[in-house]
Amino acid sequence: MRLRSSGENGSHVFNQNLKITQLGKSGRVEEAIQVFIEMSQKNVVTYNSMISAYAKNGRIVDARRLFDKMPHRNLISWNSMIAGYLHNDMVEEAHGIFVSMPKRDSFSWTLMITCYTRNGELEKARELFNLLPDKRDTVCWNAMIAGYAKKGLFDDARRLFDEMPVKDLVSWNSMLAGYTQNGEMRMGLHLFEEMPERNLVSWNLIVDGFVEIGNLDSAWQYFKKIPNPNAVSWVTMLCGFARNGRIAEAEGLFKQMTDRNVVSWNAMIAAYVQDCQINKAFRLFSEMPERDSISWTTMVNGYVRVGKLEEARKLLHRMPYRNIAAQTAMISGYVQHKRMDEASQIFNLICTRDVVCWNAMIAGYVQCGRMAEAQFLFDQMTNKDTVSWNTMITGYAQVGLMDKALEIFEAMGERNIVSWNSLITGFLRNGLYLDALKSSRMLWQEGKRPDESTFACGLSACASLAALQVGKQLHQLVVKSGYVNDLFVSNALIAMYAKCGRLFNAKLVFKHITNVDVISWNSLIAGYALNGYGKDAVGLFQEMLMEGVHPDQVTFIGVLSACNHSGLVDQGLDLFESMTEVYSIEPLAEHYGCLVDLLGRAGRLDEAFKMVREMKIKPTAGLWGALLGASKIHQSLELGEYAAKKLLELEPHKASNYVLLSNMHAEAGRWNEVERIRVFMKERTTEKQPGCSWIEVRNQVHSFLSDDPSQPRIAEIFSILRTLTAEMKNIGYLPDFISSIDIL
DNA sequence: CTAGGGTTAG
């Protein structure tokens, strides 16, 4: 055997080092580790490369471990570690490295400055920048300029830009990015014309700027003018189309692209996912030559979006590596379906939990109204961000504990507009209009202005309260503030008008939207369904399909409930089938609920019962309730009793369930049973919250609690109720035995 | 003496 010369050996190490870097850059960190382990000889570059590979793939802990145990460190090792922390948004740790390193060069300084600018700490960045006048190179200037520009501090950026000794293309592009990323396209174009030379980055910034402000025509015009568009240009344009629902055009671009990379594939998959075309998304996912963690995460998200949690979970387990984004997507999937046990299983699997996954869990408990558990997690969090605080505010507001919501609001350090929105919406939802108004004024006093979401939230609160007057006032404010063309606001307006029975207004708002999305259609369809116009709702649904908009889970809740309200049995069954077969959307309890009710009312009790028994999900109380109701109408005591048994297992404390069962027996003349149930009911029901209803008259909300002697106009109410009951009897309505006793 | 670390576009 011949001994290899040291030169050959050296070039081998050289090549392996290169490989580690490349694998790290393309997200294939596992393969990089493999190469690293198999190398018999390593030099300092090998370690440095591996540190970067780890850090670029979110494995900052491994990067640090390697850094700590490597035999010799050079300046680049220290810099790589700072860069690693920069990539992982860990500014404090980066600073720790920065202060303890033996020597610093301009790379080190620039890295640290970038850490601060990315973190929004412009003052600290500037402080560092000022500390090293002699070592500042062009890159360092550029970093500082980019920091100012990105934050929209154009004057500061411009001052440095004019001051700097040598400008390069990146300096120009950094200024340009400031304008385009802040929606200042007039200024951006001006600079673009002024630039001594342009590269693809400059062109792509312009296209992206137009995409961001929703001006697809201009984006397209500039895209076409790009001399040699690269993958970034194509992806930017593709995402622009996708985001505006123009999926066909996005598809066309994807097909035309010559140099597709992972990002291009990911973008197209994301476009399909966004349009709920999960099967097309999966086909691309299977076809693509290589997948990175974004590809996997997008697919998991896609399945979550259409409610296919099983598919999502399978995919998550098939992933070649663990990825926190995908795990968080899975968590939010479970959270949306209130499956907190499974969510928390995934949560427990994550070793280094970030804020986002904590927030997802908290949001989950909040949505289930389990505030104690939400608070428990919240208290444990060491790195709360505004999202965490805001979620807690929303949570307490939702369960009616506005005192707690306010307490959280007041305890938080930095409030953003969402914090205010959560608080104001909370007040609105709880009918505390005056407090909402007061908070809105305070918001103005703090120099903040209501934004799109302030209005969208406010309007959705009005929708859930059916508070038309306040809703209308908000609509006027929307017009005055210039948010009429915002899609979120428009959709909230549709929902509000629809819920208040003003279908004409809802339709009017709908017609004014330039780019309706699936949510706009959903709101309108649900509105028609809610107000009893089942056929129109189904008609709208068909219109929506003709327009090429893909329905989602919510669409089907709307259109199925439309069929339900209008007794369109066969159409409902057909639609339900197409939902799973054609659109591959997984039915939720709500969908089954519509169908069971629909079949039940039509007297097709066997089919209804069969559906409940055979469905994939666990039957909810609502489903048994629907079955019980149907059994009562069609006098099927046997099925009714079975449904009631199941129902009472799930909700033993709810009085209305006993009333339903009791009425059924009353109708069948089984008075012993009626009496027995009444006794049961007295024993078991612990209704803490009395039934509550409200109406809005002349800007004021009047609420009614059951058994509430303090209601000021109780006598009038009773007198009107008696009149109404008499009239109902006159036109042939026979009131239920028990409920009539309760009223009269 | 080519590799490894910093600024601008997906």
Side-chain angles (χ1 to χ4, degrees), chain A residues 7 10-22 24-25 42-53 55-56 67 70 73-87 94 97 101 104-115 117-118 125 129 135-147 149-150 157 160 164 167-181 195 198-209 211-212 226 229-240 242 257 260-268 270 294:
Chain A
S11 85
H12 181 67
V13 174
F14 174 86
N15 286 331
Q16 298 298 85
N17 287 346
L18 211 70
K19 201 160 192 177
I20 293 177
T21 309
Q22 278 164 0
K25 274 185 188 160
K42 300 180 178 75
N43 57 20
V44 65
V45 180
T46 319
Y47 283 96
N48 291 347
S49 307
M50 197 58 229
I51 288 175
S52 301
K56 281 186 180 134
F67 176 81
M70 66 195 283
R73 281 178 281 269
N74 62 12
L75 180 56
I76 298 186
S77 320
W78 292 85
N79 285 343
S80 302
M81 207 52 234
I82 300 183
Y85 283 129
L86 167 64
H87 271 292
I97 298 283
M101 63 200 292
R104 296 173 199 99
D105 64 0
S106 66
F107 277 72
S108 331
W109 288 90
T110 309
L111 274 163
M112 208 50 232
I113 288 172
T114 311
C115 278
T117 59
R118 293 261 169 89
F129 182 77
K135 275 188 187 165
R136 292 202 286 235
D137 58 7
T138 310
V139 178
C140 193
W141 283 88
N142 289 345
M144 199 59 230
I145 291 173
K150 270 219 169 106
L160 283 187
M164 71 190 291
K167 295 186 231 316
D168 64 4
L169 190 46
V170 177
S171 328
W172 284 92
N173 282 339
S174 301
M175 277 306 293
L176 182 62
Y179 294 129
T180 59
Q181 290 171 350
M195 286 171 78
R198 304 176 189 119
N199 64 2
L200 272 173
V201 176
S202 336
W203 283 98
N204 293 342
L205 276 168
I206 294 289
V207 174
D208 184 56
V211 164
E212 285 297 324
I226 303 180
N230 63 1
V232 179
S233 332
W234 287 93
V235 167
T236 307
M237 200 60 230
L238 191 156
C239 290
M257 282 173 71
R260 289 182 199 150
N261 58 17
V262 201
V263 183
S264 339
W265 287 85
N266 288 348
M268 195 60 226
I294 309 263

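Naming: A, B, ... by sequence-line order, numbering from 1 per chain.
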Residue pair A/Ser106, A/Asp137: steps toward the side-chain hydrogen bond (donor to acceptor under 3.5 Å, both in side chains) verdict: CA-CA 7 Å; A/Ser106 66; A/Asp137 58 7; 3.3 Å; yes
What contact category does [X] fall into here, base, sugar-phosphate, or nothing, at under 4.0 angstrom with non-hydrogen atoms?
{"X": "A/Ala231", "result": "base"}
{"X": "A/Lys19", "result": "nothing"}
{"X": "A/Asp168", "result": "nothing"}
{"X": "A/Asn15", "result": "nothing"}
{"X": "A/Glu212", "result": "nothing"}
{"X": "A/Asn266", "result": "nothing"}
{"X": "A/Lys56", "result": "sugar-phosphate"}
{"X": "A/Arg104", "result": "nothing"}
{"X": "A/Leu205", "result": "sugar-phosphate"}
{"X": "A/Thr138", "result": "nothing"}
{"X": "A/Asn74", "result": "base"}

Residue that, paired with A/Asn199, satisfies side-chain contact (heavy atoms from CB on, under 4.5 Å) out of A/Asn204, A/Asn173, A/Val170: A/Asn173
Other residues, nucleotides, ligands: >12 heavy atoms within 6.0 Å of A/Ile294 CD1: no
Pair A/Thr138, A/Asp168: side-chain N/O donor-acceptor within cut-off below 3.5 Å: no
For chain A, the stretch of DNA chain B it reaches, first to last nucleotide, under 4.0 Å of its heavy atoms: B/dA3 to B/dG10
By side chain to side chain contact (heavy atoms under 4.5 Å, CB included) - contacts of A/Ala83 (at least two apart): A/Leu111
Ring-ring centroid check A/Trp78 A/Phe67, cutoff 6.0 Å: yes
A/Arg136 to A/Trp141 six-membered ring, cation-pi geometry met (6.0 Å, 45°): yes
